[in-house]
Amino acid sequence: MGGPARPFVVVVTGSECTGKTTLAANLSAEFDAPSSPEFARSYVDAKRALLNASDVEPIAAGQLAVERAAEFDAAARHARLVVRDTDLVSTTVYARHYYGSCPGWIEAAARRRAGDLYLLLCPDVAWVPDGLQRDLSDEAERLAMHARFRDALASVGARVVEIRGSWADRRRQAFAAVAAAVAGE
């Protein structure tokens with residue numbers, strides 16, 4: 001006899017300053033779904049200094065912890081859906097971009113724990129500075145990072161829906177994609 005069914009995992013991902021955190025919160029509220037935050041954000045806030053390669057593993061471990069907490073919450077609530085504001089795929093993308101490589105255990109965990117649906121947010125909205133968290137303000141840099149995310153998601157065999165346009169358009173597209181995926185379309 002098996003336990004409760006594993007919830008459907010939606011990951012909101014993409015390069016910096018594309019509205020991931022807001023959209024993840026909107027999805028969590030709309031679908032009454034437990035969610036996990038982007039751990040790197042709180043890590044940077046606590047460190048209050050620029051990140052370096054030695055921060056990649058603690059960030060990955062923290063990301064795993066917040067994801068597991070959301071999964072436990074989903075199990076306790078018998079929730080059918082979990083929303084992640086980024087995941088380990090993001091950790092691998094940024095580690096490779098900034099430091100040239102990513103520890104193998106993180107890459108393996110990213111593949112093993114891949115979400116069921118990725119909402120890849122396009123960098124077609126205005127870039128807003130955010131202290132130590134954001135440094136890719138150039139449009140060409142933003143597009144290159146978006147391509148890195150697209151490639152990384154393809155490498156883990158992810159089901160991806162690209163989300164673009166105004167904030168209202170993004171919300172509408174994301175809600176429709178999640179509703180369709182959860183309904184099995």
Side-chain angles (χ1 to χ4, degrees), residues 9-24 27 35-71 82-164 170 174 177:
V9 176
V10 174
V11 182
V12 182
T13 195
S15 58
E16 63 184 41
C17 200
T18 53
K20 296 180 300 293
T21 298
T22 299
L23 188 55
L27 288 166
S35 65
S36 58
E38 176 186 17
F39 183 78
R41 178 178 292 276
S42 61
Y43 185 90
V44 169
D45 288 346
K47 183 174 178 176
R48 296 176 13 184
L50 292 174
L51 299 179
N52 59 58
S54 70
D55 295 307
V56 173
E57 291 189 272
I59 288 170
Q63 186 64 41
L64 281 171
V66 297
E67 288 176 13
R68 287 182 178 133
E71 292 162 7
V82 169
V83 177
R84 293 181 186 162
D85 177 359
T86 75
D87 69 352
L88 290 178
V89 173
S90 292
T91 306
T92 66
V93 168
Y94 283 112
R96 289 179 197 144
H97 172 71
Y98 286 107
Y99 314 117
S101 66
C102 184
W105 74 265
I106 298 171
E107 291 180 342
R111 283 188 299 277
R112 191 173 55 253
R113 294 182 52 78
D116 299 304
L117 175 66
Y118 283 81
L119 303 178
L120 176 58
L121 278 58
C122 296
D124 59 348
V125 290
W127 183 85
V128 178
D130 189 13
L132 298 171
Q133 303 241 5
R134 298 182 180 150
D135 68 349
L136 299 173
S137 61
D138 178 78
E139 184 176 353
E141 290 175 330
R142 293 181 81 198
L143 292 172
M145 184 59 77
H146 184 72
R148 286 184 187 96
F149 270 93
R150 191 181 298 123
D151 292 346
L153 292 169
S155 77
V156 299
R159 177 180 175 189
V160 178
V161 173
E162 290 201 37
I163 304 293
R164 57 180 40 90
R170 287 168 185 264

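Please read all numbers here as calculations on a predicted model, not as lab measurements. These values consider heavy atoms only, across backbone and side chains, with no hydrogens, waters or symmetry-generated copies.
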Checking side-chain contact (heavy atoms from CB on, under 4.5 Å) for the pair Met145/Arg150: CA distance, chi angles, key distance, verdict? CA-CA 9 Å; Met145 184 59 77; Arg150 191 181 298 123; over 6 Å; no
Run the numbers on Lys20 and Glu38 for salt bridge (Lys or Arg N to Asp or Glu O under 4.0 Å), then give the verdict. CA-CA 9 Å; Lys20 296 180 300 293; Glu38 176 186 17; 5.4 Å; no
Please assess Gln63 against Val66 for the test side-chain contact (heavy atoms from CB on, under 4.5 Å), listing each intermediate value before the final yes or no. CA-CA 5 Å; Gln63 186 64 41; Val66 297; 3.9 Å; yes
Under the criterion side-chain contact (heavy atoms from CB on, under 4.5 Å), I'd like the reasoning laid out for Cys122 against His146: C-alpha separation, chi angles, the key distance, then a yes or no. CA-CA 7 Å; Cys122 296; His146 184 72; 3.8 Å; yes
List the steps and the verdict of side-chain contact (heavy atoms from CB on, under 4.5 Å) for Val11 and Leu117. CA-CA 6 Å; Val11 182; Leu117 175 66; over 6 Å; no
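When every heavy atom of Leu143 is checked against every heavy atom of Pro123, the shortest pair comes out as CD2-CG, 4.0 Å. In terms of heavy atoms, Tyr94 sits closest to Gly14 at OH-O, 4.0 Å. Smallest separation of non-hydrogen atoms from Glu67 and Thr86: OE2-O, 4.1 Å. Nearest approach of Ala24 to Val83, heavy atoms of both residues: O-CG1, 3.7 Å. Val156 and Ala114 get closest at one heavy-atom pair: CG2-CB, 4.5 Å.
At least one side-chain heavy atom of Asn52 sits less than 4.5 Å from a side-chain heavy atom of Lys47. At least one side-chain heavy atom of Leu153 sits under 4.5 Å from a side-chain heavy atom of Thr13. You'll find the side chain of Tyr99 reaches within 4.5 Å of the side chain of Val56, heavy atoms only. Taking 4.5 Å as the limit, every side-chain heavy atom of Tyr118 sits out of range of all side-chain heavy atoms of Val10. Between Arg159 and Asp116, the closest side-chain pair of non-hydrogen atoms is not below 4.5 Å. Counting only heavy atoms from C-beta outward, the side chains of Glu16 and Glu141 never approach each other to under 4.5 Å. Counting only heavy atoms from C-beta outward, the side chains of Val9 and Arg84 approach each other to under 4.5 Å. Put simply, the side chain of Arg170 reaches to within 4.5 Å of the side chain of Val125, judged on heavy atoms.
Looking at residues two or more places apart in sequence or on another chain, you find no ring pair (Phe, Tyr, Trp, His ring centres under 6.0 Å) involving Phe39. Scored by the side-chain hydrogen bond (donor to acceptor under 3.5 Å, both in side chains) test, Glu107 finds Arg96 as partners (sequence neighbours excluded). For Glu57, the salt bridge (Lys or Arg N to Asp or Glu O under 4.0 Å) test picks out no residue, with sequence neighbours left out.
Here Ile163 contributes atom CD1 and Asp124 contributes atom CG; the two are 10.5 Å apart, rounded to the nearest 0.5 Å. Within the model, atoms OH of Tyr98 and CG of Leu50 stand 10.0 Å from one another, a figure rounded to the nearest 0.5 Å. Atom CZ of Arg142 and atom OG of Ser15 lie 6.0 Å apart (nearest 0.5 Å). Remark: Asp55 CG to Thr91 OG1 distance equals 11.5 Å, nearest 0.5 Å. Here CZ of Phe149 is found 8.0 Å from CG of Leu120. Values are rounded to the nearest 0.5 Å. In this structure, the separation between OG1 on Thr18 and CG on Leu119 is 11.0 Å, given to the nearest 0.5 Å.
With hydrogens and angles ignored, the 3.5 Å screen pairs a side-chain donor or acceptor of Thr92 with a backbone N or O of Val89. A donor-acceptor contact shorter than 3.5 Å is absent between the side chain of Arg111 and the backbone of Gly157.
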